[in-house]
Peer 1: 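Supplied in structure tokens, the structure appears directly below.
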Amino acid sequence: QVQLVESGGGLVQAGGSLRLSCAHSGGTFSSYDMGWFRQAPGKEREFVGGIRWSGVVINYVDSVKGRFTISKDNAKNTVYLQMNVLKPEDTAVYYCAARRLTAAPWDIDGVAYWGKGTLVTVSS
């Protein structure tokens with residue numbers, strides 16, 4: 001059973017940075033595309049960005065392009081989300097996600113495994 005455990009969330013001022021980590025265990029890391037979603041209070045969960053098993057980044061939601069970067073360390077079975085120039089509207093619970101390899105766009109229904117989430121709060 002694949003388990004995903006996020007860490008690195010917290011409170012940061014606008015303009016600051018955070019790096020989220022997601023540790024993958026219980027399965028073969030290279031068998032999954034990895035992604036990040038977020039859910040702000042009162043809003044639906046939205047896709048943030050994803051990275052293929054090969055390390056090629058799929059895409060980012062427009063609102064984070066140029067500010068967020070996804071990367072992975074295969075030796076550590078870990079995927080990262082580096083978040084820079086954070087804005088109050090980035091405040092959300094961030095979820096790590098794993099899906100089986102596919103060329104299809106990311107969507108919630110395609111996620112095979114979820115982490116429990118880590119809260120990011122950006123103060124103005």
Side-chain angles (χ1 to χ4, degrees):
Q1 181 75 9
V2 171
Q3 291 189 323
L4 305 175
V5 179
E6 304 97 334
S7 61
L11 174 64
V12 63
Q13 288 188 331
S17 298
L18 281 175
R19 188 177 79 157
L20 306 184
S21 300
C22 171
H24 175 288
S25 64
T28 304
F29 190 49
S30 60
S31 296
Y32 297 90
D33 292 334
M34 300 297 296
W36 290 94
F37 286 73
R38 67 184 181 184
Q39 188 165 16
K43 295 187 176 181
E44 296 185 349
R45 193 171 298 190
E46 69 167 350
F47 173 68
V48 174
I51 187 165
R52 300 299 310 274
W53 64 272
S54 60
V56 175
V57 176
I58 299 174
N59 57 358
Y60 299 95
V61 67
D62 286 346
S63 59
V64 308
K65 285 180 180 177
R67 300 187 298 119
F68 289 13
T69 303
I70 294 175
S71 61
K72 61 187 296 193
D73 185 334
N74 289 332
K76 296 182 178 180
N77 287 358
T78 299
V79 63
Y80 303 98
L81 181 65
Q82 177 67 44
M83 305 184 294
N84 298 327
V85 195
L86 282 160
K87 304 175 181 180
E89 52 263 44
D90 294 318
T91 294
V93 177
Y94 284 72
Y95 297 90
C96 181
R99 70 172 189 181
R100 293 179 178 83
L101 303 182
T102 175
W106 275 86
D107 64 69
I108 290 176
D109 291 340
V111 173
Y113 300 100
W114 291 99
K116 293 184 178 180
T118 185
L119 177 62
V120 171
T121 304
V122 184
S123 63
S124 56

Peer 1: Is the side chain of Thr91 donor-acceptor paired with the backbone N or O of Val122 at a distance under 3.5 Å, no angle test?
Peer 2: yes
Peer 1: With Asp33 as reference, evaluate Ile51, Val79, Leu101, Val56 under the side chain to side chain contact (heavy atoms under 4.5 Å, CB included) test and give the passing residue.
Peer 2: Leu101
Peer 1: Taking all atoms of both residues into account, what is the closest heavy-atom pair of Ile70 and Tyr60, and its distance?
Peer 2: N-OH, 2.9 Å
Peer 1: Mind checking the CD-OG spacing from Gln13 to Ser124? Nearest 0.5 Å is all I need.
Peer 2: 9.5 Å
Peer 1: Which atom names give the shortest non-hydrogen contact between Leu4 and Tyr113, and what distance separates them?
Peer 2: CD1-O, 3.5 Å
Peer 1: To the closest 0.5 Å, what do you measure between CE (Met34) and SG (Cys22)?
Peer 2: 4.0 Å
Peer 1: Mind checking whether Phe37 and Trp106 have parallel, tilted or perpendicular rings, split at 30° and 60°?
Peer 2: perpendicular
Peer 1: Specify whether Tyr95 and Trp114 have parallel, tilted or perpendicular ring planes, treating 30° as the upper limit for parallel and 60° as the lower limit for perpendicular.
Peer 2: perpendicular
Peer 1: Is Leu20 reachable from Val61 through a run of I, L, V, M, F, W or Y residues, each pair having side-chain heavy atoms under 4.5 Å apart?
Peer 2: yes
Peer 1: Measure the shortest side-chain to side-chain distance between Arg99 and Tyr32 over non-hydrogen atoms and say whether it is less than 4.5 angstrom.
Peer 2: no
Peer 1: Looking at Glu46 and Arg38, is any side-chain nitrogen of the basic one under 4.0 Å from a carboxylate oxygen of the acidic one?
Peer 2: yes
Peer 1: Going from OG on Ser17 to CZ on Phe68, what distance comes out if it is rounded to the nearest 0.5 angstrom?
Peer 2: 9.5 Å
Peer 1: Hey, does the side chain of Arg67 reach the backbone of Val85 with a donor-acceptor pair shorter than 3.5 angstrom?
Peer 2: yes
Peer 1: If two hydrophobic side chains count as joined below 4.5 Å and joins carry through other members, does Tyr94 share a cluster with Tyr80?
Peer 2: no
Peer 1: Is it the case that the side chain of Lys72 and the backbone of Trp53 share a donor-acceptor pair, with hydrogens and angles ignored and the cut-off at 3.5 Å?
Peer 2: yes
Peer 1: Should Asp62 and Lys65 count as an ion pair when the cut-off is N to O under 4.0 Å?
Peer 2: yes
Peer 1: On a heavy-atom basis, which atom in Thr78 and which in Ser21 lie closest, and how many Å separate them?
Peer 2: CG2-CB, 4.2 Å
Peer 1: Keeping the roles fixed (side chain from Glu6, backbone from Gly117), state whether a donor-acceptor pair exists under 3.5 Å.
Peer 2: yes
Peer 1: Once rounded to the nearest 0.5 Å, what's the spacing between atom OG of Ser30 and atom CZ of Arg52?
Peer 2: 12.0 Å
Peer 1: If you define the side chain from C-beta out and look only at heavy atoms, does anything of Val2 sit under 4.5 Å from Phe29?
Peer 2: no
Peer 1: Spell out, yes or no, whether Val5 and Leu81 are grouped together once hydrophobic residues are joined by side-chain heavy atoms under 4.5 Å, including indirect joins.
Peer 2: no
Peer 1: Count the heavy atoms belonging to other residues, nucleotides or ligands that lie under 6.0 Å from CD of Gln3, then report whether that count exceeds 12.
Peer 2: no
Peer 1: How long is the span from the CZ atom in Phe47 to the CH2 atom in Trp36, to the nearest 0.5 Å?
Peer 2: 12.5 Å
Peer 1: Nearest heavy-atom pair of Met83 and Val120: which atoms, and what distance?
Peer 2: CE-CG2, 3.8 Å
